[in-house]
Amino acid sequence: MMQHAWINYATYAWGHNELRPNSKSGYGGSNFGEAMLGLTIVDSLDTLYLMGLHKELENATDWIKTKFNIRNAISTMSVFEANIRLLGGFLSIHALTGQKVFIEKAIDVANQLLPAFNSPNGFPWSLIEINSAQGFLYTWLGSDCVFLADVGTLHLEFAYLSEITGHPVYLNKVEKVRDLLKHAKSLEGLYPNLVDINNNNGSKCSHGVSVSVGAFGDSFYEYLSKAWLQSAGTDIEAKEMFYPAMDALEGHLLQTSASGLKYFAKLEESRALSHKMEHLACFIGGLYALSAKDSKNPTHYMQLAKDLTYTCRLSYNSTFTGLGPELFKFNEDGNPTPLVGDSRQYSLRPEVIESYYYLWKTTGDEQYRGWAWDAAQAIEKNCRTENGYTGIADVDAPNAASDNVQQSYFMAETLKYLYLIFLDVDPVPLDTWVFNTEAHPLPVIGSQPFKDAFRAWRGIEFSDQHGLVRQKESGSDRLLVEEKNHLPEYILGNSSVCDQRSPISLFFLLFLLLLIHRFNDDVL
């Protein structure tokens with residue numbers, strides 16, 4: 001499947017963001033514009049590596065070295081998407097291979113995203129225009145609103161980059177975001193899907209406030225849990241925010257259908273519950289499984305993980321194609337059924353398979369491999385075309401029309417999770433790696449993979465003295481992040497980070513200036 005998807009992308013859309021299989025052409029997509037940023041290439045690097053597709057990875061690496069430049073972006077791009085796909089993709093493949101070109105690209109991408117944080121209160125703008133360094137909001141959303149998931153899904157990548165490079169600027173930005181988000185939750189402990197970019201207290205937006213584990217909220221919760229795991233248990237604040245947030249969600253949104261199926265409803269602004277569940281929300285079973293061991297009640301967490309994943313499994317089993325819809329409701333019998341219209345589509349999404357992966361890894365129950373195999377066969381039967389894979393318009397119809405887009409996340413997430421489920425030897429075990437929301441694995445801080453990545457970039461062995469210290473400023477909630485040691489010299493481009501210069505470099509510079517001065521005196 002991966003080779004078929006990759007070969008056709010390389011043949012018909014090389015360098016473009018995504019492939020249109022039916023028309024054999026490249027596709028820009030709404031998140032990145034029409035610029036040729038090679039999104040599929042960046043998103044697929046770690047999958048190619050993990051699958052042992054060495055020639056394909058070599059060709060992809062050559063393109064990255066010679067062609068990739070985020071400044072080629074000719075329109076606004078989503079800060080959220082650039083972070084999880086581009087920055088996350090480069091950080092992951094660097095950790096896996098140690099090749100410096102990838103961390104150099106990661107630093108450049110991160111530096112170009114830094115101006116997005118220049119907002120009234122420190123929340124990143126939803127969109128950024130790279131070449132003008134200007135941030136923008138979605139015009140259709142309102143004059144002061146940003147999505148909870150957009151601002152809350154930057155921590156893993158930015159924190160990791162600070163730990164690897166030793167430069168605190170990245171971590172400081174996302175710590176500021178977290179400080180604001182702590183003030184956004186309601187008295188019930190719920191976080192709104194929209195928060196205010198103008199309010200220094202990080203409060204909810206003035207309109208359109210809903211709560212869900214689906215679109216607009218989902219990965220905020222995911223990144224709280226994973227920040228705790230990525231930090232090897234040192235990011236206590238992430239843990240203290242995550243578990244109470246899940247308690248609040250269970251208390252207000254967790255429902256049981258007439259047939260006994262567990263699901264998370266959506267709390268609308270009117271405070272009414274919408275008894276529907278998105279495909280995007282089907283990651284939640286995997287999140288419960290991943291977070292169970294550190295919860296106060298691991299048995300409860302694991303049971304919910306199984307129950308929620310089973311509900312999403314039935315959303316696949318109940319359709320003609322065996323694939324789950326974008327959005328489903330529950331019929332009179334309490335079983336999942338697709339809605340009408342666009343909600344019936346399947347866009348090569350990974351979330352259900354992602355939960356199968358985490359349930360398989362945490363329980364060892366072979367049924368999750370069986371469910372994953374069923375999903376793989378359904379994708380192969382209904383989504384494979386002569387020139388790649390596409391989404392389909394109706395999961396409950398025979399010969400459904402295709403959407404003519406091979407999403408970059410299909411290779412980054414869907415196929416990666418499927419592949420890892422069927423491996424007997426795990427190359428990225430969950431005790432030393434944490435997957436970002438685009439399924440790019442990042443090493444746990446201080447683990448052996450982290451030490452290897454640190455050495456590959458810094459040229460020295462990692463020790464506790466190289467870590468970053470987090471300390472509260474007196475009388476303030478703001479976190480200060482300081483370096484513990486002197487950093488090696490390298491240039492971070494046009495970011496706000498000062499270049500580190502050694503005493504030897506400074507001495508050489510003074511010596512050179514002296515020679516120039518003597519030369520000028522001789523000429524005069």
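For the numbers below, each heavy atom of this structure counts, side chains included, while hydrogens, waters and symmetry mates do not. Just so it is clear, the model here is predicted, and its values are computed rather than measured.
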Supply the atom-to-atom distance Lys185 NZ to Leu148 CG, rounded to the nearest 0.5 angstrom.
13.0 Å
Partners meeting side chain to side chain donor-acceptor pair (under 3.5 Å) with Thr47 (sequence neighbours left out):
Lys416
Any donor-acceptor pair under 3.5 Å linking the side chain of Asp144 with the backbone of Asp196?
no
How far does CD of Gln134 sit from CG of Leu127, to the nearest 0.5 angstrom?
12.5 Å
Taking the side chain as every heavy atom from C-beta outward, state whether Tyr288 and Glu250 have any pair of such atoms under 4.5 Å apart.
yes
With a 4.5 Å cut-off on side-chain heavy atoms, are Leu194 and Phe147 touching?
yes
Working to the nearest 0.5 angstrom, can you tell me the gap between Met51 CE and Leu415 CG?
5.5 Å
For the residue pair Asn17 and Gly38, what are the closest heavy atoms and their distance?
OD1-N, 3.4 Å
Using side-chain heavy atoms (C-beta onward) and a distance below 4.5 Å, is Val428 in contact with Asp426?
yes
Any side-chain donor near an acceptor of the partner, Ser219 and Thr437, under 3.5 Å:
no
After noting the C-alpha distance and the side-chain angles of Trp457 and Phe102, does the key distance pass the side-chain contact (heavy atoms from CB on, under 4.5 Å) rule?
CA-CA 10 Å; Trp457 174 235; Phe102 297 126; over 6 Å; no
Of all residues at least two apart in sequence or in a different chain, which pass the ring pair (Phe, Tyr, Trp, His ring centres under 6.0 Å) check with Phe283?
none
Distance (rounded to the nearest 0.5 Å) between Glu413 CD and Glu438 CD
4.0 Å
Could you go through Tyr170 and Asn111, starting from their C-alpha distance and side-chain angles, then the distance that decides it, and tell me whether this counts as side-chain hydrogen bond (donor to acceptor under 3.5 Å, both in side chains)?
CA-CA 9 Å; Tyr170 312 109; Asn111 289 344; 2.8 Å; yes
List for me each residue that meets salt bridge (Lys or Arg N to Asp or Glu O under 4.0 Å) alongside Lys276, sequence neighbours excluded, and say none if there are none.
none
Residues Val211 and Pro192: closest non-hydrogen pair is CG2-CA, 4.3 Å
Is any side-chain N of the basic residue among Lys296 and Asp247 closer than 4.0 Å to the acidic one's carboxylate O?
no
For Glu222, the salt bridge (Lys or Arg N to Asp or Glu O under 4.0 Å) test, sequence neighbours excluded, returns Lys226
Identify the heavy atoms of Ser44 and Met2 that sit nearest to each other, and give their distance.
CB-CE, 4.2 Å
With a 3.5 Å distance limit and no angle check, can you tell me whether Thr414 reaches the backbone of Leu348 through a side-chain donor-acceptor pair?
yes
Is the side chain of Glu18 donor-acceptor paired with the backbone N or O of Ser408 at a distance under 3.5 Å, no angle test?
yes
Do Phe117 and Val177 have side-chain heavy atoms sitting under 4.5 Å apart?
yes
Within the 4.5 Å heavy-atom criterion, are Phe158 and Leu91 side-chain neighbours or not?
no
State whether the side chain of Asn83 and the backbone N or O of Thr153 hold a donor-acceptor pair below 3.5 Å, judged by distance alone.
yes
Looking only at heavy atoms, the pair that brings Gln112 and Ile130 closest together is O-CD1, 3.8 Å
Test side-chain contact (heavy atoms from CB on, under 4.5 Å) on Val109 and Phe68; report intermediate values, then the result.
CA-CA 10 Å; Val109 168; Phe68 179 84; 4.0 Å; yes
Among residues at least two apart in sequence or on other chains, which ones pass ring pair (Phe, Tyr, Trp, His ring centres under 6.0 Å) with Phe220?
Tyr191
Is the closest side-chain heavy-atom distance between Lys182 and Glu237 below 4.5 Å?
yes
Would you call the rings of Phe450 and Phe462 parallel, tilted or perpendicular, where under 30° means parallel and over 60° means perpendicular?
perpendicular
Glu268 side chain to Ser270 side chain, donor-acceptor N/O pair below 3.5 angstrom
no
Could you tell me if Ser212 and Asn193 have a donor-acceptor pair between their side chains, going purely by distance under 3.5 Å?
yes
Tyr417 and ring-ring contact (aromatic ring centres under 6.0 Å, His included): which single residue from Phe435, Tyr356, Tyr409, Trp360 fits?
Phe435
Quick test of your reading of the model: are Lys100 and Glu104 salt-bridged, counting only N-O distances below 4.0 Å?
no
For the side chain to side chain contact (heavy atoms under 4.5 Å, CB included) test, which of Ile41, Leu53, Leu19 pairs with Trp6?
Ile41
State whether Glu326 and Arg349 are salt-bridged, where the test is any N-O pair (Lys NZ or Arg NE/NH1/NH2 against Asp/Glu carboxylate O) under 4.0 Å.
yes
Indicate yes or no: at least one non-hydrogen side-chain atom of Ser210 is less than 4.5 angstrom from one of Lys266.
yes
For a quick check under 3.5 Å, do Glu157 and Tyr223 share a side-chain donor-acceptor pair by atom type?
yes
Which pair of heavy atoms, one from Phe264 and one from Ile284, lies closest together, and at what distance?
CE1-CG1, 3.9 Å
Any chance you could measure Arg71, atom CZ, to Asn131, atom CG, to the nearest 0.5 Å?
8.0 Å
Atom pair CE/CG of Met411 and Asp46 - distance to nearest 0.5 Å
12.0 Å
If you apply the rule side-chain contact (heavy atoms from CB on, under 4.5 Å), what do you find for Met36 with Asn72, and how did you get there?
CA-CA 7 Å; Met36 292 181 63; Asn72 290 337; over 6 Å; no
Which residues pass the ring pair (Phe, Tyr, Trp, His ring centres under 6.0 Å) test with Tyr243, not counting sequence neighbours?
Tyr301
For Asp43 and Ala412, indicate whether the former's side chain and the latter's backbone hold a donor-acceptor pair under 3.5 Å.
no
Donor-acceptor pair, Ser162 side chain versus Leu171 backbone, under 3.5 Å?
yes
Could you tell me whether a side-chain N or O of Thr362 sits under 3.5 Å from a main-chain N or O of Tyr358, the two making a donor and an acceptor?
yes
Donor-acceptor pair, side chain of His252 and main chain of Ala248, under 3.5 angstrom
yes
Under 3.5 Å, is there a donor-acceptor pair between the side chain of Ser355 and the main chain of Cys282?
yes
Could you go step by step and tell me if Thr76 and Trp125 meet the side-chain contact (heavy atoms from CB on, under 4.5 Å) rule?
CA-CA 11 Å; Thr76 59; Trp125 297 99; over 6 Å; no
If you look at every heavy atom in Thr432 and Ser447, which pair is closest and at what distance?
O-OG, 3.6 Å
Please identify which of these residues, Leu96, Leu48, Leu50, meets the side chain to side chain contact (heavy atoms under 4.5 Å, CB included) condition with Leu57.
Leu48
Does Phe410 reach the side chain of Tyr9, with side-chain heavy atoms less than 4.5 Å apart?
no
Electrostatic pair Asp179:Lys176 at N-O distance under 4.0 angstrom:
no
Set out, in order, the CA-CA distance, both residues' side-chain angles and the distance that settles salt bridge (charged side-chain N to carboxylate O under 4.0 Å, His left out) for Lys105 and Asp108, then state yes or no.
CA-CA 5 Å; Lys105 296 295 185 181; Asp108 189 41; over 6 Å; no
